[in-house]
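Data block below; observations after.
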Amino acid sequence: MRAMMSLIDASMLASSNRWLDALPGPAWLLMDLPGQGLRLQDLNQAAAQMLGRPAELWRGQPWQACLDCLPAEIREAARGADIGRGLACGAWWLRLAPVPEESPSESTRLSLFSMWPQSPPEHQPVALAAQASAAARADQDSFSYTVSHDLRAPLRVVEGFARILKEDYGRQLDGMGNDAVDRIMSATARMNSMIDALLSLTQLSSKTMVREPVDLSLLARLVMDDLQCIDPARQLELTIQPELMTVGDPTLLRMVLENLLGNAWKYSAKGELSQIAFFAEQQTGRGLVYVVRDNGAGFDMRGAERLFSVFQRLHSASEFPGTGVGLASVRRIVHRHGGEIWARSEPGRGASFFFTLAP
């Protein structure tokens, strides 16, 4: 399930990037979050090249951090009072414009900071940016409908037959049988929620992320209970710090823990005793940091920069199964929550994944 949803997430991200990459110059899509100011939701490759770092390292970062990496003349122009109407800067035309929204959100507003080659007035970026935004919405709506329809159809079949099995034959099943049916029905309901959450990430203007109190300790224990049911004979030393509370989207944060704890479970499977821990610690300059640690296979830190990229794996599929997209999805969710994620490891000495979440 995690692999399927992560693959969908990666495909959606590629779809949402398409219109930005079609623009003739660097472009940054900004979201205005209450209490956090402007943050970078997305950018095209031209913008990433100007900033000097891969695009995936910038998503979710404060806009001020991006401005600090731009050339001085562009940075100063971007802060100018006339940037909303557009102004010339060397060979470029700069403009910060709101992204047209079909269903405006009171809590999140989007704007596009774009750089266009100097051109005649009829080709200035005001109309072109609006056209690009409209094309993006149409493309995302079509893609979202296809994904939602194609995924929900088989889920409805699984859920329907599980419900028939429960209602018509539940009395003939023992406790383990009924528990298995309950888990099937719970998993299909959770996957429907996951589809909703992932599709909401592609709706740049019409949907907002849910923010409510979340007990990460409880989510971690539920995830580990599911994993232990798959392999109850596994020798496990599990440590989960209690009462780790935060504010965020519970479905998306569960996906974070499913991927991180699932990886800890997978990569520690070959030892005699799996040691997995989830806890939080205060780190200087970062504040509260959540940690998922294991004593598994680990990896070489020389490949760590590829760890959160789509389809990049540090172990062969024959050694450890997987699609190589789960961590890319995790980073996107963490960025959506205003946080960061990184890892430390040594081959054969386990791995530690660290992530933060905006308060």
Side-chain angles (χ1 to χ4, degrees), residues 1-14 16 39-42 54-61 190-191 193-202 209-210 214 216-217 219-220 222-224 226-227 240 244 246 248-268 276-280 286 288-294 296 298-299 301 303-315 320-345 350-358:
M1 181 184 292
R2 291 192 303 273
M4 179 183 294
M5 297 311 299
S6 298
L7 182 59
I8 294 164
D9 189 33
S11 299
M12 289 177 178
L13 180 57
S16 66
R39 284 187 174 267
L40 182 59
Q41 181 164 357
D42 216 340
E56 56 267 20
L57 298 182
W58 286 107
R59 296 187 181 98
Q61 293 296 312
R190 190 165 69 250
M191 191 168 180
S193 296
M194 292 164 68
I195 292 173
D196 289 336
L198 286 174
L199 288 175
S200 71
L201 295 181
T202 69
M209 189 176 64
V210 174
V214 178
L216 293 177
S217 301
L219 289 184
L222 291 173
V223 170
M224 290 306 303
D226 286 345
L227 291 171
I240 297 177
L244 291 178
T246 189
D249 189 304
T251 301
L252 294 178
L253 291 176
R254 174 159 181 155
M255 290 176 60
V256 169
L257 293 176
E258 282 183 334
N259 276 282
L260 295 181
L261 291 171
N263 280 350
W265 177 266
K266 176 170 63 175
Y267 290 112
S268 63
I276 299 175
F278 174 56
F279 58 95
R286 295 185 184 271
L288 187 66
V289 177
Y290 301 97
V291 186
V292 174
R293 180 168 292 162
D294 66 71
F299 56 86
M301 285 296 292
E305 64 182 27
R306 299 187 291 111
L307 196 62
F308 299 98
S309 299
V310 179
F311 301 126
Q312 297 295 315
R313 291 175 51 85
L314 301 183
H315 296 276
F320 293 100
T323 61
V325 297
L327 289 177
S329 226
V330 167
R331 181 167 65 176
R332 190 179 182 201
I333 294 172
V334 169
H335 282 178
R336 288 279 290 167
H337 285 78
E340 291 295 330
I341 184 167
W342 66 99
R344 296 176 191 156
S345 182
S352 296
F353 284 84
F354 307 84
F355 66 95
T356 60
L357 301 170

L244 backbone acceptor or donor facing S217 side chain under 3.5 Å: yes
Identified side-chain contact (heavy atoms from CB on, under 4.5 Å) partner of R254 from the options D249, L222, N259: L222
L357 side chain near L253 side chain, heavy-atom distance below 4.5 Å: yes
Polar side chain donor-acceptor pair, S352 to R344, under 3.5 angstrom: no
From NZ (K266) to CG (L261), nearest 0.5 Å: 13.0 Å
Close side-chain approach of V330 and M255, heavy atoms under 4.5 Å: no
Any donor-acceptor N/O pair, S345 side chain to G350 backbone, under 3.5 Å: yes
Any side-chain heavy-atom pair of R336 and Q41 under 4.5 Å: yes
Distance-minimising heavy-atom pair for E258 and V223: CG-CG2, 3.6 Å
Residue pair M224 / L257, side-chain heavy-atom distance below 4.5 Å: no
Interatomic spacing from CH2 in W342 to CZ in F355 - rounded to 0.5 Å: 10.0 Å
Nearest non-hydrogen partners of P250 and G248, listed with the distance: CD-O, 3.3 Å
Sub-4.5 Å side-chain heavy-atom contact between F278 and L216: yes
Nearest atoms (heavy-atom pairs only) where F354 meets V289: CB-CG1, 3.7 Å
Spacing of OG1 belonging to T251 relative to CG belonging to L219, to within rounding of 0.5 Å: 9.0 Å
Non-hydrogen side-chain atoms of V256 and L260 separated by less than 4.5 Å: yes
Shortest non-hydrogen contact between A264 and V292, atoms and distance: CB-CG1, 4.3 Å
Verdict with reasoning, V291 to F353, per side-chain contact (heavy atoms from CB on, under 4.5 Å): CA-CA 6 Å; V291 186; F353 284 84; over 6 Å; no
Spacing of CH2 belonging to W58 relative to CG belonging to L40, to within rounding of 0.5 Å: 8.5 Å
Residue pair Y290 / T356, side-chain heavy-atom distance below 4.5 Å: no
